[in-house]
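Labels below follow one simple rule: chain letters A, B, ... track the order of the sequence lines, proteins then strands, and each chain is numbered from 1. FYI, side chains are in, hydrogens and waters are out, and symmetry mates aren't considered; it's all heavy atoms of this structure. Quantities reported herein were computed from a predicted structural model and do not represent experimental measurements.
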2 protein chains.
Amino acid sequence: MPTDHLSTIFAALADPTRRAILARLCTGEASVTELAEPFEMSLPAVSKHLKVLERAGLIARSRDAQWRPCQLHAGPLKNVADWVEHYRRFWTESFDRLDDYIQTLKDKENKSGKQRHNELERG
Amino acid sequence: MPTDHLSTIFAALADPTRRAILARLCTGEASVTELAEPFEMSLPAVSKHLKVLERAGLIARSRDAQWRPCQLHAGPLKNVADWVEHYRRFWTESFDRLDDYIQTLKDKENKSGKQRHNELERG
């Protein structure tokens with residue numbers, strides 16, 4: 001089981017429902033009932049997801065109000081952004097390589113197209 | 001179990017050893033034995049991690065060479081960067097709020113310091 005904070009954050013994000021909950025909380029705080037609505041999920045199932053998000057520090061639940069609304073705490077996502085930033089040049093390079101490869105294929109295609117055309121011309 | 005690609009990527013990143021393997025592969029391709037060395041891990045344990053990274057599309061293993069070196073494929077990390085980017089303004093806001101809060105504490109501290117000073121002066 002991962003115990004470091006970054007692993008806990010990544011594990012919390014490794015679920016489409018939890019990411020959808022975070023997206024919903026971008027529009028403002030919400031109760032568990034409100035969060036459960038779009039997912040056709042039981043309240044205990046949603047509560048389980050919220051606990052995972054809470055443990056990762058991605059949401060907080062008010063202790064005061066009776067309906068205990070959930071709020072987005074986006075701070076830990078900065079750690080994710082900082083981590084992934086180190087790899088930017090590598091994915092840029094790999095997309096460049098893909099572009100080069102596609103260009104090579106196109107050049108090849110054009111060349112063989114011209115060759116065929118010349119052959120037809122020569123008849 | 002998550003089945004969408006982004007969840008698979010996040011799950012693959014939710015482990016410090018797997019992130020360390022990716023970091024090592026930034027310096028160039030490596031064999032399983034080379035990757036296992038710094039972790040004091042058995043080869044099967046490392047192979048298991050490599051399979052998770054491979055399934056997420058984050059590494060690829062050459063089929064040709066006998067030692068089957070692993071290579072970083074950073075492309076999927078662009079999905080992570082794109083996803084997290086949507087939240088940037090939220091963590092910026094939350095750090096701004098933290099700054100405001102720290103400033104309030106400082107102002108309070110200064111005020112009460114001055115008050116104490118004045119009291120002592122008058123005292």
Side-chain angles (χ1 to χ4, degrees), chain A residues 1-29 49 52-53 55-60 70-99 101-102, chain B residues 1-29 49 52-53 55-60 70-99 101-102:
Chain A
M1 274 293 284
T3 48
D4 65 291
H5 190 206
L6 194 52
S7 296
T8 309
I9 299 166
F10 277 129
L13 299 176
D15 183 281
T17 305
R18 289 198 288 271
R19 292 198 304 277
I21 289 172
L22 293 182
R24 162 64 187 82
L25 292 176
C26 284
T27 65
E29 58 181 27
H49 282 308
V52 177
L53 290 170
R55 219 175 303 134
L58 290 163
I59 64 162
C70 300
Q71 284 183 323
L72 177 70
H73 275 211
L77 294 179
K78 189 184 180 300
N79 302 350
V80 172
D82 289 346
W83 181 86
V84 84
E85 196 51 40
H86 290 292
Y87 292 86
R88 181 175 296 276
R89 71 182 177 96
F90 293 99
W91 77 69
T92 312
E93 272 171 21
S94 69
F95 288 127
D96 284 351
R97 271 203 304 275
L98 192 64
D99 279 348
Y101 179 64
I102 291 168
Chain B
M1 274 294 286
T3 48
D4 65 291
H5 190 205
L6 194 52
S7 296
T8 309
I9 299 166
F10 277 129
L13 299 177
D15 183 280
T17 305
R18 288 198 290 270
R19 292 198 304 279
I21 289 173
L22 293 182
R24 162 63 187 82
L25 292 176
C26 284
T27 65
E29 58 180 26
H49 282 308
V52 177
L53 291 170
R55 218 175 303 133
L58 290 163
I59 65 163
C70 300
Q71 285 183 322
L72 177 71
H73 274 210
L77 295 179
K78 187 183 182 301
N79 301 351
V80 171
D82 289 346
W83 182 86
V84 83
E85 197 51 41
H86 290 292
Y87 292 86
R88 182 175 296 275
R89 70 182 178 95
F90 293 99
W91 78 69
T92 312
E93 272 171 21
S94 70
F95 288 126
D96 285 351
R97 272 204 303 274
L98 191 65
D99 278 347
Y101 179 65
I102 292 168

_Going by salt bridge (Lys or Arg N to Asp or Glu O under 4.0 Å), name the residues that satisfy it together with Arg24(B), two or more places apart in sequence or in a different chain._
none

Report which part of [X] has an atom under 4.5 Å of a heavy atom belonging to chain B: side chain, backbone, both, or neither.
X        : value
Ala23(A) : both
Ile9(A)  : neither
Arg18(A) : neither
Leu77(A) : both

_Would the distance check show the side chain of His49(A) and the main-chain N or O of Thr17(A) forming a donor-acceptor pair, the cut-off being under 3.5 Å?_
no

*For Glu85(B), which residues count as a side-chain contact (heavy atoms from CB on, under 4.5 Å) partner, sequence neighbours excluded?*
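If we apply the side-chain contact (heavy atoms from CB on, under 4.5 Å) test to Glu85(B), skipping adjacent residues, the hits are Arg88(B).
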
*Name the orientation class of the two ring planes belonging to Phe10(B) and Phe10(A) (parallel below 30°, tilted from 30 to 60°, perpendicular beyond 60°).*
tilted

*Check each atom of Leu72(B) against the heavy atoms of chain A and say whether the ones under 4.5 Å are side chain, backbone, both or neither.*
side chain

_In the structure I gave you, are the side-chain heavy atoms of Trp83(B) and Leu13(A) within less than 4.5 Å of one another anywhere?_
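Yes; the side chains approach each other to less than 4.5 Å.
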
